[in-house]
Amino acid sequence: MKIDILTLFPNMFDGVFQESILKRALDEKKVEINLINFRDYTEDPHHKVDDTPFGGGAGMLLMCQPIFDCVEAIKTEDSVVILLTPDGVPYQQKTAFELSHKKHIILICGHYEGFDERIRSICDREISIGDYVLTGGEVPAMVLVDSITRLLPGVIKEESYLEDSFNENYLLDYPNYTKPRVFRGMEVPEVLVSGDHEKIEAWRREESIKKTQERRPDLLSK
Ligand code: ADE
């Protein structure tokens, strides 16, 4: 899979791709990630990429030309163009699964007050990572890259993500424990050290349902 990230601030991504699972996936060529500064595509003599909104109002808007030209230069018939925006479709684990099967993803990170509405016309999807407003689409792009990359074949063990919360079963994860058996008086539930795998399975499922009922009853109705 190839992911192209269109951003005015490529340095914001320093570090994120240089550690842990994402670094390994990049080193092993499970994913290719390119940071593309769309300022390089501006035709403006002063390298301008934004301007004031028609009709007035606060802030600056990203202009069409640099982003259109950049997308047109890198897009192929295998590409999915995604705009990151707080008014997009809420991002979910099932979206990450779906996107993990694509060959080429282009992520457009907005910044400043917003962007010219016509930029939406070159996007296949618009995604929001939550009901809050960030300074730009860079952090949301990191969220997508991380959540998609871990689902690519050979990046992590399949069983690791099949049991994740928010998979098709819509149950939150059950509680997990590691050594020691007792820590500051808090004990690991007896069933987990019983060696009885059927009982452990049943306990985990029950705990998952209980936690989902308490914390996210909206998921159970799905
Ligand atoms: N840009 C700014 N806020 C955002 C959000 N919540 N999701 C996606 N892109 C954004």
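Excluded from the calculations below are hydrogen atoms, water molecules and symmetry mates; all remaining heavy atoms, backbone and side chain alike, are included. Index from 1, following the sequence. For ligands, and for the atoms within them, numbers begin at 1 and follow the listed sequence.
- The backbone N or O of Asn37 lies less than 3.5 Å from no partner atom in the side chain of Thr7, so there is not a single donor-acceptor pair.
- Without hydrogens or angle criteria, Arg39 side chain to His47 main chain gives a donor-acceptor distance under 3.5 Å.
- The backbone N or O of Val145 sits less than 3.5 Å from a side-chain atom of Thr149, completing a donor-acceptor pair.
- No side-chain donor-acceptor contact under 3.5 Å links Ser79 to the backbone of Val81.
- Salt-bridge annotation for Arg120 and Glu117: present, with a side-chain N of the basic residue lying under 4.0 Å from a carboxylate O of the acidic one.
- Around ligand 1, the residues contributing at least one heavy atom under 4.0 Å from the ligand are Leu84, Thr85, Pro86, Ile127, Ser128, Ile129, Gly130, Tyr132, Val133, Leu134, Gly136, Pro140.
- Note on Glu207 versus Lys210: salt bridge recorded, some NZ/NE/NH1/NH2 to OD/OE distance being below 4.0 Å.
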